[in-house]
Student: 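Here you go, one structure.
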There are 2 protein chains.
Amino acid sequence: MKKLKSTAVCPCETIQPHPFISPEDKDHLQVLADLFKHLSDPRRLNLLLCLSHAEHSVCILAKHLGVTVSAVSHQLQTLRRARLVSFRREGKVCFYRLNDNHVHKLIQTAREHVNE
Amino acid sequence: MKKLKSTAVCPCETIQPHPFISPEDKDHLQVLADLFKHLSDPRRLNLLLCLSHAEHSVCILAKHLGVTVSAVSHQLQTLRRARLVSFRREGKVCFYRLNDNHVHKLIQTAREHVNE
DNA sequence: ATATCATTTGAACAGTTGTTCAAATGATAC
DNA sequence: GTATCATTTGAACAACTGTTCAAATGATAT
């Protein structure tokens, strides 16, 4: 067990740091990460897959996903803030739907990655 | 402020729950979510984008990303366990690279989603 | 063997996330 | 108005995540 004092001097010190990515990508980095974060929870992913077939009420979603209504509602609010889903109210019932079809493409590409 | 006792009885009660997704998708749900989780951190995403241009050493990556070597190394171990990156050792230096090009496709699809 | 550099590893710690519970809100019917 | 159903909301709490720090390991050179 040697007591090494971290000198923190490496050859890279002389290299001037610069991003390997373009400025516009840099700007979108956080936005992209946030998008992926919404897809990174199994239950939320399941929820999105349910909605990819048709619009559904919160109550039905909870039933089919096997979780509480409250939990689904919280997830839906998160997805709504991220503009991944939208909804319409019909009387007492709220029907949620996917906002566009890009989510499908994302999942499809990910699925290809997994299956190899 | 009414004290409502949750009756937890809704019309959906009569509906038998079934997944809206196919069995094989159900199996891959966790795997897919895990994949997205690795892309959900801005710094890790930045790291992957750096590697999408060429292989790089840990030291250089830390320099360019503006974080400590330790932090980068931890991230790389995570990505390595997920088989998203691999590496080769050359003397004292470890060079990391992307494991395949699916990551590019994923990022590209996500980027399209963001730009609309 | 010792020194140094590049990298890894484990522990601790702060920040974030998702669920649950209880209560509130919105809408319809009586 | 009250009752009921569907949904939302906020607070609390446990679980997870990523960073930092210190120490260890791996490799090369002297």
Side-chain angles (χ1 to χ4, degrees), chain A residues 1-15 30 33-34 36-48 55-63 65-82 85-96, chain B residues 1-15 30 33-34 36-48 55-63 65-82 85-96:
Chain A
M1 203 197 282
K2 271 179 289 186
K3 214 168 201 174
L4 264 184
K5 198 166 171 205
S6 179
T7 47
V9 181
C10 87
C12 318
E13 198 72 35
T14 56
I15 298 168
Q30 184 68 54
D34 285 342
F36 283 125
K37 188 167 290 183
H38 292 112
L39 303 172
S40 71
D41 182 71
R43 280 166 288 246
R44 203 156 44 217
L45 200 50
N46 199 351
L47 179 56
L48 288 167
E55 66 173 13
H56 290 294
S57 70
V58 179
C59 193
I60 292 274
L61 284 169
K63 212 75 214 133
L65 296 171
V67 295
T68 65
V69 170
S70 180
V72 173
S73 182
H74 274 300
Q75 295 284 27
L76 286 168
Q77 299 322 303
T78 305
L79 292 169
R80 203 145 72 80
R81 267 179 250 119
V85 304
S86 52
F87 78 108
R88 64 182 179 86
R89 182 178 267 274
E90 194 173 285
K92 288 186 276 190
V93 185
C94 283
F95 292 96
Y96 280 82
Chain B
M1 201 197 281
K2 270 178 290 184
K3 215 168 199 174
L4 264 184
K5 197 165 171 207
S6 179
T7 47
V9 180
C10 85
C12 319
E13 196 74 33
T14 57
I15 297 167
Q30 185 67 55
D34 285 343
F36 284 125
K37 189 165 288 182
H38 291 114
L39 303 172
S40 71
D41 183 72
R43 281 166 286 247
R44 202 155 46 218
L45 200 50
N46 199 352
L47 178 56
L48 287 168
E55 66 173 16
H56 291 293
S57 71
V58 180
C59 193
I60 292 273
L61 284 170
K63 228 19 224 169
L65 297 171
V67 294
T68 65
V69 171
S70 180
V72 173
S73 182
H74 274 299
Q75 295 283 28
L76 285 169
Q77 299 321 304
T78 304
L79 292 169
R80 203 145 71 79
R81 268 180 250 118
V85 304
S86 52
F87 78 108
R88 65 185 178 84
R89 182 177 269 276
E90 194 173 287
K92 288 185 276 190
V93 185
C94 283
F95 292 97
Y96 279 82

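Note that this is a predicted model, so its numbers are computed, not measured. Within every chain, numbering begins at 1; the chains are lettered A, B, ... in the order of the sequence lines, protein sequences first and strands thereafter.
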Student: Once you apply the 3.5 Å cut-off to both distances, tell me the Watson-Crick or G-U wobble partner of D:dA23, or none.
Tutor: C:dT8
Student: Select from A:Thr78 and B:Leu76 the residue whose nearest nucleotide in DNA chain C is closer to the 5' end of that strand.
Tutor: B:Leu76
Student: Write down the distance between CD (A:Gln77) and C1' (C:dG26), rounded to a whole number of angstrom.
Tutor: 14 Å
Student: I'd like a table of atom pairs between the protein and nucleotides 14-16 of chain D - only N or O on both sides, under 3.5 Å - with the distance next to each one.
Tutor:
none

Student: List for me each residue that meets side chain to side chain donor-acceptor pair (under 3.5 Å) alongside B:Arg43, sequence neighbours excluded, and say none if there are none.
Tutor: none
Student: How many whole angstroms separate atom CG of B:Leu47 from atom C1' of D:dT17?
Tutor: 16 Å
Student: If we ignore hydrogens and angles and just use 3.5 Å, is the side chain of B:Arg44 paired with the main-chain N or O of B:Lys37 as donor and acceptor?
Tutor: yes
Student: Nearest of D:dT9, C:dT8, D:dC5 to any side-chain atom of B:Cys94?
Tutor: C:dT8
Student: Side chain of A:Val93 only, please: which of C:dT8, C:dA6, D:dT7 is the nearest?
Tutor: D:dT7
Student: Work out which heavy atom in A:Leu45 is nearest to a heavy atom in B:Ala33; give both atom names and the distance.
Tutor: CD2-N, 3.7 Å
Student: Pairs of donor and acceptor atoms involving the side chains of residues 86-94 of chain A, under 3.5 Å and at least two apart or interchain, shall be tabulated with distances.
Tutor:
{"residue": "A:Ser86", "atom": "OG", "partner": "A:Asn99", "partner atom": "OD1", "Å": "3.3"}
{"residue": "A:Arg88", "atom": "NE", "partner": "A:Glu55", "partner atom": "OE1", "Å": "3.3"}
{"residue": "A:Arg88", "atom": "NE", "partner": "A:Glu55", "partner atom": "OE2", "Å": "3.1"}
{"residue": "A:Arg88", "atom": "NH1", "partner": "A:Glu90", "partner atom": "OE1", "Å": "2.6"}
{"residue": "A:Arg88", "atom": "NH2", "partner": "A:Glu55", "partner atom": "OE2", "Å": "2.4"}
{"residue": "A:Arg89", "atom": "NH1", "partner": "A:Gly91", "partner atom": "O", "Å": "3.2"}

Student: Mind listing the residues from residues 67-75 of chain A sitting with a heavy atom below 4.0 Å of DNA chain D? Number order is fine.
Tutor: A:Val69, A:Ser70, A:Ser73, A:His74
Student: So, is A:Arg43 near the phosphate of C:dT19, with a side-chain N or O under 4.0 Å from OP1 or OP2?
Tutor: yes
Student: Taking all atoms of both residues into account, what is the closest heavy-atom pair of B:Ala62 and B:Val72, and its distance?
Tutor: CA-CG2, 3.7 Å
Student: In whole Å, what is the span from the CZ atom of B:Phe95 to the C1' atom of D:dA27?
Tutor: 14 Å
Student: In whole Å, I'd like the distance from the CG atom of A:Leu45 to the P atom of C:dG18.
Tutor: 13 Å
Student: Using atom CZ of B:Arg80 as one end and atom P of C:dT8 as the other, report the distance to the nearest whole Å.
Tutor: 7 Å
Student: Between A:Arg81 (CZ) and C:dG18 (C1'), how many Å, whole number?
Tutor: 12 Å
Student: Please give, in whole Å, the distance from C:dT19 C1' to A:Leu61 CG?
Tutor: 17 Å
Student: Are any of A:Arg89's side-chain N or O atoms less than 4.0 Å away from OP1 or OP2 of D:dT7?
Tutor: no
Student: It should be established whether B:Tyr96 places a side-chain nitrogen or oxygen under 4.0 Å from OP1 or OP2 of nucleotide C:dA6.
Tutor: no
Student: Distance from A:Tyr96 atom OH to A:Leu48 atom CG, nearest 0.5 Å?
Tutor: 13.0 Å
Student: Using every non-hydrogen atom in the two residues, find where A:Leu39 and B:Phe36 come nearest and quote the distance to one decimal.
Tutor: O-CD1, 3.4 Å
Student: Mind checking whether B:Leu76 and B:Leu47 have side chains closer than 4.5 Å, heavy atoms only?
Tutor: yes
Student: Tell me: CZ of B:Arg44 to P of D:dT19, nearest whole Å?
Tutor: 8 Å
Student: Nearest 0.5 Å, please: how far is NE2 in B:His56 from NZ in B:Lys63?
Tutor: 15.0 Å
Student: Do A:Gln75 and A:Val67 make a side-chain contact, defined as non-hydrogen atoms from C-beta onward lying under 4.5 Å apart?
Tutor: no
Student: Scan every strand shown for a Watson-Crick or G-U wobble partner of D:dT28, both distances under 3.5 Å, and answer none if you come up empty.
Tutor: C:dA3
